[in-house]
Colleague: 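Got a structure for you, questions after.
Chain identifiers are assigned alphabetically (A, B, ...) following the order of the sequence lines, protein sequences preceding nucleic acid strands; residue numbering begins at 1 within each chain.
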Protein chains: 2
Amino acid sequence: MLSSEDISFFCVVARSRSLAQAARKMNVTAPAVTQRLRALETRVGVRLLDRSLNGITLTDEGELVLAEGQTIIDAVENLTDQLSDRTNTVRGHLQIVAPYGFGRRHIAPIVDAFSREYHEATVTLHLSDTPTRMVNDNWDIIVHIGELNSPGRLMTTLAPNRRFLVASRDYLKGKPPLRHPHDLADHRCLALRENDEDVTLWRFATAGEEQATIRIAPAMSTNDGEILRDWTLAGLGLAVRSEWDVAAHLASGALVRVLPQWNLPETNIVAFLNTRHNRSKRTSKMLEMLRKGLKPTPWLQAE
Amino acid sequence: MLSSEDISFFCVVARSRSLAQAARKMNVTAPAVTQRLRALETRVGVRLLDRSLNGITLTDEGELVLAEGQTIIDAVENLTDQLSDRTNTVRGHLQIVAPYGFGRRHIAPIVDAFSREYHEATVTLHLSDTPTRMVNDNWDIIVHIGELNSPGRLMTTLAPNRRFLVASRDYLKGKPPLRHPHDLADHRCLALRENDEDVTLWRFATAGEEQATIRIAPAMSTNDGEILRDWTLAGLGLAVRSEWDVAAHLASGALVRVLPQWNLPETNIVAFLNTRHNRSKRTSKMLEMLRKGLKPTPWLQAE
DNA sequence: GAGAGCATTAATTCTGGCCTTATCAATCCA
DNA sequence: TGGATTGATAAGGCCAGAATTAATGCTCTC
């Protein structure tokens, strides 16, 4: 009879591209993986994966074990979690995915605090440039800026997030005045091009319901928010940045808001929850800490 | 994280009436159970069952682990079975339930043969006086004489089985002749009273579609087929027995068929299959051997 | 052809889970 | 009251699984 340890061992190996990689994942040496896998195979009497020097491929039986085994592991994890929850202790492993810049600056400290608060839990913070495209299910929470309806994913808002049109003082000097979004046509606009979205269409609206949609011609564009911000700081043009990103610079006066009465659509900070796992207490606690940690907008808390 | 061995350990304990009984089931000493259970409880951080000197009772969490755990164990078993089946090997544990007399005489040898044929498989033959009332799911095949429609159980016929009206030569000497079922009114009838069935209504039919239903007044009755047969052998009266039971005695002349042209309803040998487990190869093979082993009716094979 | 990376085999070590024995306390029953 | 059963605890031993080290062959790349 197989044991759940055998199964989870195999699942890790099966999801690796080589035995050596699997060994690194599990912090053991390569022979350990070879031996254990071979022992497993002789025990069940059938080859589970074909080894070759350029990657491993699962046999039919391997696919079976991976698929069935994963549901078994999930069931065991759920049971363990349910027990932990009953004791009001926070345990187990939590995997968070977040965008690079935002994650490093705002999520990492919260993960730090979480880890200090709940010693028995372990956390992985995975920073990704495409956080919404996690293909495997090795995640519990994905933090994302901007609402997004992905089918099959549960979304919850963590914090509001406004976006501002900003520029450096240097840039604005001697440039034509900006009184209406239409005036942007005479300016250098810097665009953040990511997720294949239509990023050259900027939508403005005033409190008085007046609207204006401007198709900009980006003078420069990048897919890295920090670079974009740096360009803006360097006075290369106007950019739309979320308040999280530029709060400190607005406070220090390095950047100024442009067209402050014209609002851009909000892109709230949201979290996607993996529906495959039952919600565990550690997930709830982490969401709680995220909401709490993100609550005071940086615009207000900036010194 | 729990392991499947922890879970199956706990499931065994949870289904026992005391830790000591659990220890006996698992062929270990009592302290082993005590401390392993304690270790498990401290690991999950919650008490799973309350011990007392007269029995153990599950806590809420214990119930949870038992219920969820059982499905996990089942899933692991299914996976293991599927792998075994792919290798065309017969492995694992098979649990057969059969009625006492029939099981001892006809099923046990087949189980013996099965065990010789498939060394890697283990078999338990559980003889029960109420085989159809297995309340727990610790069985794979229930052998039963007489068709029976139990909802949720899969039934398959193993062998045909006729029933004969028999008596000993001694008994028949000097008794009124039997030419028609009605004549039974003048005879001592022996009834097998089991399963709360209506056993005093004997239905006869000839090949020519002639029918006769007789309500007998049993002179003696019992719920044990062997006792009934012994009574009949001892010349205490007439009884209805299945051909399996009396084939040897008919062949030796100790018993004779009475009213041979009047047939009694057939009560075939059937097998119920547990639908909770996926059908494994060992189950298929066992059914195969059962059909093969029961094929030549004892009436014909009797020397 | 050197070197890096990967898989495998063999031999050895280790360790932690699990078991046993021994002992004691509590309860039930004859 | 003594015996039987059950459960808890302490102390010590054992062993199978799993790891490590060392060494070899293979393939691909530079």
Colleague: In whole angstroms, how far is the P atom of D:dT6 from the CG atom of B:Asp50?
Modeller: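 About 18 Å, once rounded to whole Å.
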Colleague: As an exercise, state the distance from OG1 of B:Thr87 to CD of B:Glu120, rounded to the nearest 0.5 Å.
Modeller: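 So the gap between those two atoms works out to 8.0 Å.
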Colleague: Going by the rule salt bridge (charged side-chain N to carboxylate O under 4.0 Å, His left out), which residues pair with A:Asp60 if we only count those two or more places apart in sequence or in a different chain?
Modeller: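 Not a single residue meets the salt bridge (charged side-chain N to carboxylate O under 4.0 Å, His left out) criterion with A:Asp60.
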Colleague: What is the distance from CZ of B:Arg51 to C1' of C:dT27, rounded to the nearest Å?
Modeller: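 So the two atoms are 17 Å apart, to the nearest Å.
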Colleague: Who are the ring pair (Phe, Tyr, Trp, His ring centres under 6.0 Å) partners of A:Phe9, not counting sequence neighbours?
Modeller: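 In terms of ring pair (Phe, Tyr, Trp, His ring centres under 6.0 Å), with neighbours along the sequence ignored, A:Phe9 is linked to no residue.
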Colleague: Of A:Leu19 and B:Glu5, whose nearest nucleotide on DNA chain C comes first from the 5' end?
Modeller: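 Of the two residues, A:Leu19 wins.
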Colleague: Side chain to side chain donor-acceptor pair (under 3.5 Å) with A:Thr122: which residues, sequence neighbours excluded?
Modeller: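 In terms of side chain to side chain donor-acceptor pair (under 3.5 Å), with neighbours along the sequence ignored, A:Thr122 is linked to A:His93.
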Colleague: Could you check which residues of residues 29-43 of chain A get a heavy atom under 4.0 Å from DNA chain C? Sort them by number, please.
Modeller: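 By residue number: A:Pro31, A:Thr34, A:Gln35, A:Arg38.
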Colleague: What is the distance from CZ of B:Phe10 to P of C:dC18, rounded to the nearest Å?
Modeller: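 So the CZ-P distance, B:Phe10 to C:dC18, works out to 16 Å.
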Colleague: Can you list the residues that meet the side-chain contact (heavy atoms from CB on, under 4.5 Å) rule with B:Ala271, with sequence neighbours excluded?
Modeller: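 In terms of side-chain contact (heavy atoms from CB on, under 4.5 Å), with neighbours along the sequence ignored, B:Ala271 is linked to B:Ile141, B:Thr156, B:Leu158, B:Leu287.
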Colleague: Expressed in angstrom and rounded to an integer, what is the separation of B:Arg24 atom CZ from D:dA4 atom C1'?
Modeller: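 That distance rounds to 12 Å.
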Colleague: How would you list, by chain and number, every residue that makes a salt bridge (charged side-chain N to carboxylate O under 4.0 Å, His left out) with A:Arg43, sequence neighbours excluded?
Modeller: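 Per chain and number, A:Arg43 pairs via salt bridge (charged side-chain N to carboxylate O under 4.0 Å, His left out) with A:Asp6.
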Colleague: Over how many whole Å does the gap from B:Lys25 atom NZ to D:dT6 atom P extend?
Modeller: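 So the two atoms are 13 Å apart, to the nearest Å.
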Colleague: Write down the distance between CG (A:Asp6) and C1' (D:dA18), rounded to a whole number of angstrom.
Modeller: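 Rounded to whole Å, this separation is 12 Å.
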Colleague: B:Met26 CE to C:dC19 C1': how many Å, rounded?
Modeller: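 From B:Met26 CE to C:dC19 C1': 12 Å.
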Colleague: With respect to the side chain of B:Ile56, which nucleotide from C:dC19, C:dA7, D:dG7 is positioned closest?
Modeller: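 The nucleotide sitting nearest to the side chain is D:dG7.
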